[in-house]
Every structure is written in structure tokens, then in C-alpha cells.
Amino acid sequence: MSDFVLTDLVSVASMVALGQVIMIDLVLAGDNALVIGLAAAGLPREQRTRAILIGIAAATVLRIIFAAVTTQLLAIVGLLLAGGILLLWVCWKMYRELRTGHHEENAAHHALAGGENGNGNGLPRKTFAQAAWQIVVADVSMSLDNVLAVAGAARDHLWVLIFGLAVSIALMGIAASLIARLLQRHRWIAYIGLIAILYVACDMIWRGAAEVWPLMF
């Protein structure tokens with residue numbers, strides 16, 4: 001039994017899945033950080049740090065909650081297919097974001113870096129409640145996207161799933177703003193991550209369709 005477990009840990013398939021999971025975590029953690037920074041960019045500096053911390057904490061908690069139920073949900077016939085379609089939408093959204101200009105990204109980075117004022121970046125002022133609500137709504141969507149992508153890439157390798165979700169939480173809590181800046185400077189990393197997520201989405205759709213097809217005919 002121990003030899004079997006060790007073989008699974010070091011198998012080529014598990015290593016490929018681990019590589020996909022790490023790339024997905026890097027890109028989505030940076031993307032999530034940019035969304036949080038952009039939502040907080042219209043706040044005064046004294047409120048901005050608090051909003052960003054709330055956003056990162058909410059994203060961390062949501063990832064844990066979604067991780068607890070996603071693997072069970074994906075076992076339900078049809079939800080694997082639905083999850084793959086959702087990830088396709090995530091890919092389209094990320095592609096559009098990568099193609100847009102840098103003005104809004106600069107505003108997000110300005111906020112994450114603790115710039116002097118939230119209004120000097122060209123974005124309208126907003127209340128703390130408005131910013132917090134925008135962050136929570138974005139966190140719900142992006143945390144689900146992240147967990148679905150990691151679960152889809154990990155497949156049946158439980159240790160890869162656990163490791164990937166732990167890395168995701170650590171990146172959000174420790175290095176999200178650093179990764180966001182890295183992705184802005186080196187866009188090719190984001191495109192590699194996008195390809196990895198697209199592959200996972202197509203694989204989930206293929207496997208999900210194979211589950212659903214016999215039930216339809």
C-alpha cells in the first residue's frame with residue numbers, strides 16, 4: 001500500500017497536475033489582487049488598507065469553504081460539465097482583461113502599494129461600504145473560479161488538490177500584490193496561466209460530457 005501511495009505521489013500525471021495547479025494559483029491570485037486593489041482605489045488612503053485586508057481575508061475564507069464542498073459537488077453528474085463551462089467564461093474574462101489598457105491596472109497597483117490618495121488615479125471616490133461590497137462580490141466569483149480550476153486540474157490526485165488550495169490561500173495572504181505586479185511586468189506568465197485554465201476547462205467539459213451523454217440517449 002505504501003509503495004502505491006509513493007508511486008501516485010511521484011507519477012508523471014500528478015507532477016503535470018501539480019504544475020498546472022501552481023500556474024493557475026499564480027495567475028488567479030494576481031488577478032484577484034488586482035480586482036481588490038481596483039475596488040479599493042477610490043477610497044482615501046486610511047480606509048484603503050483596511051478594505052484590501054478585508055478583501056484578502058474574505059478571499060481566503062471563501063476558498064476554504066468552496067474547497068470543502070467542491071470536490072463532492074464535482075462528483076455529481078452534470079456539475080463537472082457546468083464547472084468546465086464556467087471556467088471557459090473565466091478564460092474569456094481573463095483574456096479581455098489582458099487585452100485592455102493599463103490605466104485601471106495602474107490604479108489597482110497604486111492602491112495595493114498604498115499610494116497617497118485614491119482620487120488622483122482618475123477613478124471616482126466611493127464609500128467604504130461600496131468598496132467592501134464590490135470586493136466581496138468579486139471574491140465570491142473568483143474564489144469559486146480558483147477552487148474549480150484547481151480541483152479540475154488535480155483530478156483524482158488528492159494531495160495535489162490539498163497542496164494547490166494551500167498555495168492559493170498562502171499567495172492571497174502573503175504575496176498577492178507582489179504577484180500582481182509580476183504579472184503586469186511579464187504578461188507572458190499570465191497568458192501561460194490562461195492556457196492552463198483553458199486546458200482544464202476543456203478537459204472538464206470533455207469528461208463532464210462523457211458522464212452526461214449516456215444519460216441523455
Side-chain angles (χ1 to χ4, degrees), residues 4-5 7-32 34-35 59-100 136-169 171-172 183 187-217:
F4 174 79
V5 173
T7 301
D8 181 64
L9 284 176
V10 297
S11 68
V12 174
S14 64
M15 291 299 102
V16 171
L18 180 61
Q20 291 177 345
V21 164
I22 291 174
M23 183 56 65
I24 289 168
D25 280 339
L26 282 172
V27 174
L28 290 183
D31 203 30
N32 206 160
L34 284 176
V35 170
T60 299
V61 171
L62 286 168
R63 274 163 171 73
I64 295 171
I65 293 172
F66 288 142
V69 298
T70 296
T71 50
Q72 285 79 15
L73 290 178
L74 288 180
I76 300 174
V77 174
L79 286 187
L80 188 64
L81 176 61
I85 294 172
L86 176 61
L87 280 183
L88 271 186
W89 176 78
V90 173
C91 290
W92 171 244
K93 183 177 65 173
M94 286 182 61
Y95 176 74
R96 289 184 60 188
E97 290 171 357
L98 288 171
R99 300 276 294 180
T100 56
V136 169
V137 170
D139 280 343
V140 169
S141 171
M142 299 192 74
S143 296
L144 179 59
D145 296 344
N146 183 267
V147 172
L148 274 175
V150 169
R155 298 194 184 182
D156 299 323
H157 306 289
L158 180 61
W159 75 270
V160 175
L161 173 63
I162 295 171
F163 180 81
L165 293 173
V167 169
S168 170
I169 292 169
L171 289 175
M172 278 305 305
L183 293 178
R187 308 289 283 184
W188 61 270
I189 299 176
Y191 278 106
I192 292 176
L194 176 60
I195 292 171
I197 297 172
L198 179 61
Y199 172 81
V200 171
C202 292
D203 182 65
M204 289 175 68
I205 290 172
W206 176 263
R207 289 186 289 141
E211 289 180 350
V212 173
W213 186 265
L215 300 178
M216 296 177 62
F217 299 97

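Worth knowing before you read on, the calculation uses all heavy atoms, side chains too, and leaves out hydrogens, waters and symmetry mates.
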Working to the nearest 0.5 Å, report the span between [atom1] of [X] and [atom2] of [Y].
{"X": "Ser168", "Y": "Leu26", "atom1": "OG", "atom2": "CG", "value": "10.0 Å"}
{"X": "Asp139", "Y": "Thr60", "atom1": "CG", "atom2": "OG1", "value": "8.5 Å"}
{"X": "Leu18", "Y": "Trp159", "atom1": "CG", "atom2": "CH2", "value": "4.5 Å"}
{"X": "Ile24", "Y": "Tyr199", "atom1": "CD1", "atom2": "OH", "value": "11.0 Å"}
{"X": "Leu88", "Y": "Leu198", "atom1": "CG", "atom2": "CG", "value": "6.5 Å"}
{"X": "Asp145", "Y": "Leu87", "atom1": "CG", "atom2": "CG", "value": "6.5 Å"}

For [X] versus [Y], what's the shortest heavy-atom pair and its separation?
{"X": "Val21", "Y": "Ala153", "answer": "CG2-CB, 3.8 Å"}
{"X": "Ser143", "Y": "Arg63", "answer": "OG-NH1, 3.0 Å"}
{"X": "Ile197", "Y": "Cys91", "answer": "CG2-SG, 3.6 Å"}
{"X": "Ala154", "Y": "Ala17", "answer": "CA-CB, 4.3 Å"}
{"X": "Met23", "Y": "Ala196", "answer": "CG-CB, 4.4 Å"}

Report task. Take Val27 and Leu194, measure what side chain to side chain contact (heavy atoms under 4.5 Å, CB included) needs, and give me the verdict at the end. Result -> CA-CA 8 Å; Val27 174; Leu194 176 60; 6.0 Å; no
Requested in this report: For the pair Val150 and Leu28, evaluate side chain to side chain contact (heavy atoms under 4.5 Å, CB included) and give the outcome as yes or no after the intermediate values.
Outcome: CA-CA 10 Å; Val150 169; Leu28 290 183; over 6 Å; no
Query raised in the report: Do Leu148 and Phe66 touch side chain to side chain, with heavy atoms closer than 4.5 Å?
Result: no
Report task. Report yes if some heavy atom in the side chain of Val167 is under 4.5 Å from a heavy atom in the side chain of Phe163; otherwise report no. Result -> yes
